[in-house]
Amino acid sequence: MRDQVTSFLDDSLLPYFFCPGCGHSIITDYLNSALVKLQLDPRKVVIVTDIGCSGLADKYFITNTFHGLHGRSVTYATGIKLANPELKVIVLMGDGGCGIGGHHLINAARRNIGVTVVVYNNLNYGMTGGEHSVTTPIGGVTNSTPYGQLEHPMDICQTVAVNGASFVARTTSFNKGLPELLASAIQNDGFSLVDIWELCTAYYVPNNRFNKSTLENSLAAQHFSTGILHQSSSPEYSQAYRQSVAGEAGKIPMPARTIQPKYQSKLDQRLGIIIAGAAGKKINSAATLFCRGAVLSGLYATQRNDYPVTVKSGHSISEVILDPAAIKYTGIKKPEVMVMLFKEGVNSVQRQLAAMNAMDTIIINRELLPIHTKARQIVVDFNQTGRWMNKKEYWAIISLAKLLCETKIFPLEAFKEAVSGRSEFAEDNLAAIEAGVIMGQ
Amino acid sequence: MRELINGAQAIVRAAIHSGCNFFAGYPITPATDILLYMIRELPKVGGVAIQAEDEIASMGFCIGAAMTGKRVMTATSGPGISLYSENIGLAIMGEVPMVIVDVQRMGPATGGATTVGQGDIQFLRWGTSGGYPVIVLSPTNIPECYNLTCRAFDLAERFRVPVFLATDKETALTLATVNVEEFKPYPVRERINAPVEGEFIPYRVTTLDEVPLMSPYGNEHVLRFTTSTHDEKGQLTKNPEAVQKLNERLAAKVELHLDEISLVKTDFQLDAQILIISYGVTARSVEEAVIQARRRGKRISTLSILSLWPVPEAEIKEALTGIQKVIVPELNLGQYRLEVERLASGEIEIIGVNRVDGELISPEQILADGGLL
């Protein structure tokens, strides 16, 4: 049995360094009371803070602490909780942090990650000199809004509540029931947030003749209700994640698909092949199968793909290099072979096409004729391929089989073996290769 | 036995073999493949991989997880490194072991998302406030993507510092044929946590270059972590002596141990007066250029730098011995050439071969621009 923890504060560091009358002292005391009430193991609690006077609070606690960058406390807390769900993670942040880190706050709520956020909300930036924050009320005077705040104040509670938080409360530092409220927030499995309005005696109080009653009036004037505003029982993220991936445990990660060369190729120098096609026509996968066939034949192969960000429209180009020796430079300045299948790809290969000479070979879809080139042209007419006429996603395989028949770069058998893998398309791919062979006769 | 594989796959496999069990990232071309592979593969070994809301959160998640004892990695491209910047500084200050992959694309700004570049090389070194050292490794090919990722994890353990793997779109995404024997697992040292018995002072050291032992959140000890200048207990301090000692140590712990970090590949030719210094994908073109140049009777040496930062000064100086002309090809306007110029005497002619049009530097361009024809 652990001894009863009578205080989670390090007495040797007290009293707090906060300004006289600052609400931070009260909230920190109440948080201590909540922890004492819950009797958590200090080694299983992490208090995360960021920048602002609230970021001075973690140092007083005997728990684990993490003091990070402005507004990012929720991200460190999320990482800690995701990595070790048994930890109780409590974020102390100011209204400043809620502004600069608002995006993180929303997304932590969306995940319902098991983190408790305690907002030390004093309506302005205390640490840097009394500037306005996202919660400064309209008309509020701060040192960066000397003529009054014009921006609408952010409703932190509603922001996280509508975005998936499972415990949301708003109160003031004058609420004597705060220890119980904080304890409830910490006990909630999912994402909790308690927005605590308080006085900044250094800036907001003198700038606005603010006090307890004007603070409470300000809440009312803005229609900000107090108390527990929202509770739900959605799954906590770090647990939900582990459940969702449980079926993956023990599977082999990144298994290698090794290739043992077993065929022979007569290719004795580097060969650059460009396949000019269209999106959605399996250009890249056909090229990869072709490369596997080449590697099965003892060649080295590289494949670089190019396509627009709109993956289902526009061009799709594969650049393949085959070489009997290891390939270092992976660019193709002048291809020895070009396979021109679809008009979408033609524009993208004009520069390489112009570089080709009489020793080079082009396999071209009849529909794309005529083209200006010095290279030898082998015309393929997909209208004569029977059932393949309308199966455009097999035209690349057909053309590459045709290429092998014409050039004997590597054995057709190797290409057949490459397409005969576990793929659901194996049978159709093999048939497409046969179609390419017949086309050559 | 061979494998058709790209750099992204090799990096992910190496990370998992190195014990990586936490990954957070945000989609960005051309680094997205690493995120997607990690999300699919890491649960198989009991790890956690998540897409964060942005790059800032990716780093935050990784840093938090690292301090619970996880072995963490993230991956992005140049525009993402811009957003990583503040947390890179935090990871240096708090001494967080982590691996950051930068799949470089052409900049500036969003630049060319699908085009290759090497323009982040100085940025990685100087990309956060204060100017304290990080470690940057750069693979020239796919086997090295594997080998150097393993090494990056080991160096992160050794030095408790962010270790970058600076690769590029071409290496990460172009499929290539690799002889599987070239994948050489590099043993990643086990983490030795602070002893469970006795007091734990998170940043207590006895020597100027020491790396303090860690104790993860949730262990026997209470851990105090801070991004602010701190004393040995992790409490904020402005005591000039403590501040000076901490800041000097953050540099010394890395810079006094170059012998454990520096990694280069050399191909020296006797009596050569020409040296080509390169790194990353460009080093592959250099290998071909040198074969061609030597066929023409040129005597020429090469130095491929695998550990870009800290600069392997001793290795570069040794390679410069007897050299009259240095050629430095890079897919930027001459960033690492600055380091070579700093180390070379005034007598040596230094020629940059540079390209920023999204194409690779070809062996022929190195020969032509380098005056080797």
Side-chain angles (χ1 to χ4, degrees), chain A residues 42-44 46 48 59 62-69 72 74-84 86-87 103-104 106-107 238 241-242 245-246 248-254 256-261 288 291-292 295 299-306 309 326-331 333, chain B residues 1-5 9 12-13 16 22 24 37 41-46 48 50 52-54 56-57 59-65 67-68 70 86-87 90 113-114 170 173-177 180 217-228 234-236 284-285 287-288 359-360 362-363:
Chain A
R43 296 166 303 181
K44 304 294 179 192
V46 188
V48 184
K59 68 178 282 187
I62 58 165
T63 64
N64 294 292
T65 60
F66 186 114
H67 176 65
L69 294 163
R72 314 304 174 207
V74 170
T75 70
Y76 311 122
T78 301
I80 292 166
K81 184 71 183 179
L82 262 177
N84 188 347
E86 73 161 1
L87 298 174
H103 184 41
H104 308 307
I106 290 169
N107 283 284
S238 65
Y241 174 86
R242 281 165 172 79
V245 301
E248 297 301 299
K251 291 185 183 169
I252 297 169
M254 294 301 282
R257 281 188 70 195
T258 52
I259 305 170
Q260 180 66 56
T288 303
C291 286
R292 287 188 73 84
V295 178
L299 296 172
Y300 288 82
T302 65
Q303 180 190 347
R304 179 206 288 174
N305 301 325
D306 182 53
V309 287
I327 299 163
K328 299 177 188 301
Y329 168 61
T330 46
K333 285 197 292 187
Chain B
M1 202 68 94
R2 291 180 183 167
E3 191 177 1
L4 206 50
I5 183 173
Q9 293 164 333
V12 170
R13 190 185 289 163
I16 293 173
F22 191 96
Y37 283 124
E41 302 298 321
L42 220 44
K44 296 178 181 173
V45 292
V48 173
I50 182 173
E53 59 265 27
D54 59 21
I56 295 171
M59 280 292 281
F61 291 2
C62 283
I63 289 165
M67 300 317 290
T68 73
K70 297 285 183 188
E86 60 170 8
N87 269 322
L90 177 137
T114 58
E170 186 69 24
L173 297 187
T174 296
L175 273 180
T177 314
V180 294
Y217 288 132
N219 243 26
E220 293 301 311
H221 301 293
V222 159
L223 169 63
R224 199 167 282 283
F225 177 100
T226 178
T227 182
S228 296
Q235 294 281 20
L236 182 99
R284 302 216 292 266
S285 295
E287 288 175 40
E288 280 196 22
E359 299 287 327
L360 294 171
S362 68

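Keep in mind that this is a model prediction, so the values were computed, not measured. In what follows, chains carry the letters A, B, and so on, assigned in the order in which the sequence lines appear, proteins first and then strands, with residues in each chain numbered from 1.
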For Asp306(A), all residues meeting side chain to side chain donor-acceptor pair (under 3.5 Å), sequence neighbours excluded: His315(A)
Could you check if a side-chain atom of Lys59(A) sits within less than 4.5 angstrom of a side-chain atom of Leu236(B), using non-hydrogen atoms only? no
Once ring pair (Phe, Tyr, Trp, His ring centres under 6.0 Å) is applied, do any residues pair with Phe225(B), and if so which ones, sequence neighbours excluded? Phe66(A)
Determine the minimum heavy-atom distance between Leu90(B) and Gly68(A), stating which atoms define it. CD1-CA, 3.8 Å
Give me the atom names and distance for the closest heavy-atom approach of Val222(B) to Pro42(A). CG2-O, 4.3 Å
With distance as the sole test, does Glu288(B) use its side chain to make a donor-acceptor pair with the main-chain N or O of Tyr329(A) at under 3.5 Å? yes
Leu87(A) and Gly218(B): which non-hydrogen atoms are nearest, and at how many Å? CD2-CA, 3.6 Å
Kindly compute the distance separating CG (Asn305(A)) from CG (Leu173(B)), expressed to the nearest 0.5 Å. 9.0 Å
Keeping Thr177(B) on the side-chain end and Ala301(A) on the backbone end, is there a donor-acceptor pair under 3.5 Å? yes
Return the CG to CG distance between Asn219(B) and Asn64(A), rounded to the nearest 0.5 Å. 9.5 Å
Between chain B and each of Leu299(A), Asn84(A), Thr302(A), count heavy-atom pairs under 4.5 Å; write down the option with the most. Thr302(A)
What part of Thr288(A) lies closer than 4.5 angstrom to a heavy atom of chain B: side chain, backbone, both or neither? both
So which residue, Thr330(A), Val48(A), Ile252(A), Ile106(A), ends up with the most heavy-atom pairs under 4.5 Å with chain B? Thr330(A)
Where does Glu359(B) contact chain A at under 4.5 Å (heavy atoms): side chain, backbone, both or neither? side chain
Pick from Lys70(B), Arg2(B), Glu3(B): which one has the most heavy-atom pairs with chain A under 4.5 Å? Arg2(B)
Bottom line for Ala24(B): the part with an atom under 4.5 Å from chain A's heavy atoms is neither
Non-hydrogen atoms of chain A under 4.5 Å away: do they reach the side chain of Glu86(B), the backbone, both or neither? both
How long is the span from the CG atom in Leu4(B) to the CD atom in Gln303(A), to the nearest 0.5 Å? 7.5 Å
Taking every non-hydrogen pair under 4.5 Å, which of Gly331(A), Ala326(A), Ala246(A), Ala249(A) racks up the most with chain B? Ala249(A)
Taking Lys44(B) for the side chain and Gly250(A) for the main chain, is one N or O donor matched with an acceptor at less than 3.5 Å? no
Ile327(A) and Arg284(B), any side-chain heavy atoms less than 4.5 Å apart: no
Would you check if Leu69(A) and Asn87(B) make a side-chain contact, meaning some heavy-atom pair closer than 4.5 Å? yes
Please find the pair of heavy atoms, one from Gly60(B) and one from Thr75(A), that lie closest to each other, and give the distance. CA-OG1, 3.4 Å
Counting only non-hydrogen atoms closer than 4.5 Å, does Ile50(B) touch chain A with its backbone (N, CA, C, O), its side chain (CB onward), both, or neither? side chain
Quick one: are Val48(B) and Tyr241(A) in side-chain contact, heavy atoms under 4.5 Å? yes
Under 4.5 Å heavy-atom distance to chain B, tell me which part of Arg257(A) shows up: side chain, backbone, both or neither. backbone
Measure the spacing between CG of Asp54(B) and NE2 of His104(A) and express it to the nearest 0.5 Å. 5.0 Å
Answer whether the closest heavy-atom distance between the side chains of Leu360(B) and Arg304(A) falls below 4.5 Å. yes
Among the options Lys81(A), Arg292(A), Arg242(A), Gln260(A), pick out the one with the most heavy-atom pairs lying under 4.5 Å from chain B. Gln260(A)
Rounding to 0.5 Å, atoms CZ (Arg224(B)) and OG1 (Thr63(A)) come to a distance of 7.0 Å
So does Thr65(A) get a backbone contact from the side chain of Tyr217(B), meaning a donor-acceptor N/O pair under 3.5 Å? yes
Looking only at heavy atoms, the pair that brings Ser362(B) and Lys333(A) closest together is OG-NZ, 3.4 Å
Separation between CE of Met1(B) and CD1 of Ile259(A), rounded to the nearest 0.5 Å: 10.0 Å
Please report the shortest heavy-atom distance between Pro253(A) and Glu41(B), naming the atom on each side. CA-OE1, 3.2 Å
Looking at Glu287(B) and Lys328(A), is any side-chain nitrogen of the basic one under 4.0 Å from a carboxylate oxygen of the acidic one? yes
Sort out for me which of Glu86(A), His103(A), Lys44(A) touches chain B most, counting heavy-atom pairs under 4.5 Å. His103(A)
Is it the side chain or the backbone of Ile16(B) that comes within 4.5 Å of chain A heavy atoms, both, or neither? side chain
